[in-house]
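Reading through the structure tokens given below for one structure.
As the structure lists them, so they are numbered: ligands from 1, and atoms in each ligand from 1.
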Amino acid sequence: MKRVAILISGGGSNMVRLVEDMQAGGYAAPVLVLSNDPSAGGIAKAERLGVPTAVVDHRPFGKDRAAFEAELLKPLAAAAPDVICLAGFMRVLTPAFVRPFAGRMLNIHPSLLPKYPGLHTHQRALDAGDAEAGCTVHEVTPELDAGPILGQARVPVEAGDSADTLAARVLTFEHRLYPAVLRRFVADNRETLFL
Ligand code: NHR
Ligand code: GAR
């Protein structure tokens with residue numbers, strides 16, 4: 001059985017969907033939920049789901065990403081994951097951290113990559129007048145939001161959308177897309193899934 005660790009920074013709704021799908025489908029074991037933010041709502045949700053949790057606050061490390069990542073690696077390595085899922089994880093990871101997990105680390109990003117890597121994706125889509133937004137699951141590589149695309153869902157932009165209403169609509173598609181891609185990924189299927 002593949003072991004899956006999930007990195008979060010916030011509410012953890014994608015994490016919950018991944019854990020529930022693994023528990024329902026029995027195709028992988030969620031072994032750790034790890035947050036860089038002690039106030040992340042997802043930690044209590046993971047505990048309720050019976051998944052071990054750890055927190056490594058990035059703030060004491062200031063600009064020293066390598067020192068933060070050295071601490072992050074301790075609980076992560078102890079959990080010995082086969083696959084790592086970033087799910088609303090908000091810290092850019094250095095190449096030195098990413099490289100040992102090459103081909104084994106996934107991220108869900110709230111845009112139709114390669115459009116809008118980085119932050120504030122929904123506002124950027126609205127500012128551009130896009131008729132469509134969406135979300136993408138991709139492999140994490142040293143270059144931000146640029147790894148091979150494993151799945152994508154297109155979501156209509158509706159009249160009167162704000163960044164918040166668009167984000168909420170996209171999030172419901174994230175919840176369908178990420179578990180579907182993870183299931184395929186642990187079965188070694190890396191063809192792009194379009195929802
Ligand atoms: N790291 C690597 N090397 N490659 C990727 O593809 C990554 C990554 C780390 C995170 C998620 C990503 C997203 O889906 C992700 C993909 C955070 C930022 C960011 O700028 C950008 C992209 C993503 C996550 N973070 C700021 C930082 O200084 C902090 C922002 C904040 O705390 O609000 O790290 O969008
Ligand atoms: C999701 O929309 C995810 O795509 C996005 O943050 C949200 C987290 O929600 N990720 C990023 O913006 C990464 N930079 P969740 O904590 O409820 O899963």
Side-chain angles (χ1 to χ4, degrees), residues 4-21 30 33-46 49 51 53 55-69 72-73 76 84-125 133-155 162-179 181-182 195:
V4 178
I6 306 172
L7 272 56
I8 65 168
S9 299
S13 68
N14 277 293
M15 174 278 295
V16 167
R17 295 297 296 233
L18 291 173
V19 169
E20 286 176 345
D21 196 63
V33 169
L34 179 54
S35 175
N36 66 294
D37 184 342
S39 70
I43 298 164
K45 293 176 191 167
L49 288 162
V51 182
T53 61
V55 175
V56 177
D57 190 346
H58 66 280
R59 288 170 300 184
F61 301 97
K63 288 182 178 162
D64 191 347
R65 288 188 193 264
F68 162 63
E69 290 174 354
L72 198 63
L73 196 55
L76 192 58
I84 297 170
C85 292
L86 309 186
F89 185 69
M90 295 307 293
R91 303 304 303 171
V92 173
L93 296 165
T94 67
F97 186 88
V98 168
R99 247 185 249 112
F101 299 111
R104 304 193 289 133
M105 196 185 299
L106 311 185
N107 176 47
I108 188 151
H109 180 75
S111 79
L112 292 173
L113 290 173
K115 267 193 161 178
Y116 314 131
L119 303 177
H120 313 298
T121 54
H122 304 297
Q123 191 58 54
R124 288 155 74 193
C135 50
T136 303
V137 177
H138 63 92
E139 286 182 32
V140 173
T141 61
E143 193 184 344
L144 194 65
D145 294 329
I149 290 176
L150 299 167
Q152 203 160 58
R154 315 184 82 82
V155 180
S162 64
D164 285 349
T165 60
L166 180 56
R169 189 175 314 113
V170 170
L171 189 61
T172 65
F173 284 79
E174 295 182 41
H175 294 161
R176 291 172 47 209
L177 181 68
Y178 210 171
V181 170
L182 180 62
L195 287 190

Protein residue, atom and distance nearest to [atom], heavy-atom basis:
atom                    : answer
atom 8 (C) of ligand 2  : Gly88 CA, 3.7 Å
atom 17 (O) of ligand 2 : Ser13 OG, 2.6 Å
atom 23 (C) of ligand 1 : Leu144 CD1, 4.1 Å
atom 24 (C) of ligand 1 : Phe89 O, 3.4 Å
atom 16 (O) of ligand 2 : Gly12 N, 2.8 Å

Ligand 1 to Val98 polar contact by distance, N or O atoms, under 3.5 Å: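 N/O-N/O distance below 3.5 Å does not exist for this pair.
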Numbered atoms of ligand 1 (with element) below 4.0 Å of [X], judged on heavy atoms:
X      : value
His138 : 6 (O)
Leu93  : 1 (N), 2 (C), 3 (N), 8 (C), 9 (C)
Ile108 : 14 (O)

Can you tell which part of [X] has a heavy atom less than 4.0 Å from ligand 1: side chain, backbone, both or neither?
X      : value
Asp145 : both
Pro142 : backbone
Arg99  : neither

Give the atom numbers and elements of ligand 2 that come within less than 4.0 Å of a heavy atom of [X].
X      : value
Met90  : 11 (C), 12 (O), 13 (C), 14 (N)
Ile108 : 4 (O)
Glu174 : 1 (C), 2 (O), 3 (C), 4 (O)

Can you figure out which of [options] has its heavy atom closest to [atom]?
atom                    : options                : answer
atom 11 (C) of ligand 1 : Leu106, Asn107, Thr121 : Asn107
atom 25 (N) of ligand 1 : Met90, His109, Arg91   : Met90
atom 4 (N) of ligand 1  : Thr141, Val137, Leu119 : Thr141

Measuring from [X]:[atom1] to [Y]:[atom2], what's the distance to the nearest 0.5 Å?
X      : Y      : atom1 : atom2 : result
His109 : Lys115 : NE2   : NZ    : 12.0 Å
Leu34  : Leu73  : CG    : CG    : 10.0 Å
Lys45  : Glu20  : NZ    : CD    : 10.5 Å
Phe101 : Leu106 : CZ    : CG    : 12.5 Å

Heavy-atom gap Leu171 to ligand 2 smaller than 4.0 Å: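 Contact check Leu171 vs ligand 2: positive.
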Test item, Gly42 contacting ligand 2 (heavy atom, 4.0 angstrom):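 Per 4.0 Å heavy-atom rule, Gly42 does not contact ligand 2.
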Ser9 side chain to Asn36 side chain, donor-acceptor N/O pair below 3.5 angstrom: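 Side-chain D/A pair, Ser9 to Asn36: present.
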Test item, Thr94 contacting ligand 1 (heavy atom, 4.0 angstrom):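 Thr94: no contact with ligand 1 (<4.0 Å).
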Close approach of Gly147 to ligand 1, heavy atoms, under 4.0 angstrom: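 No heavy atom of Gly147 comes that close to ligand 1.
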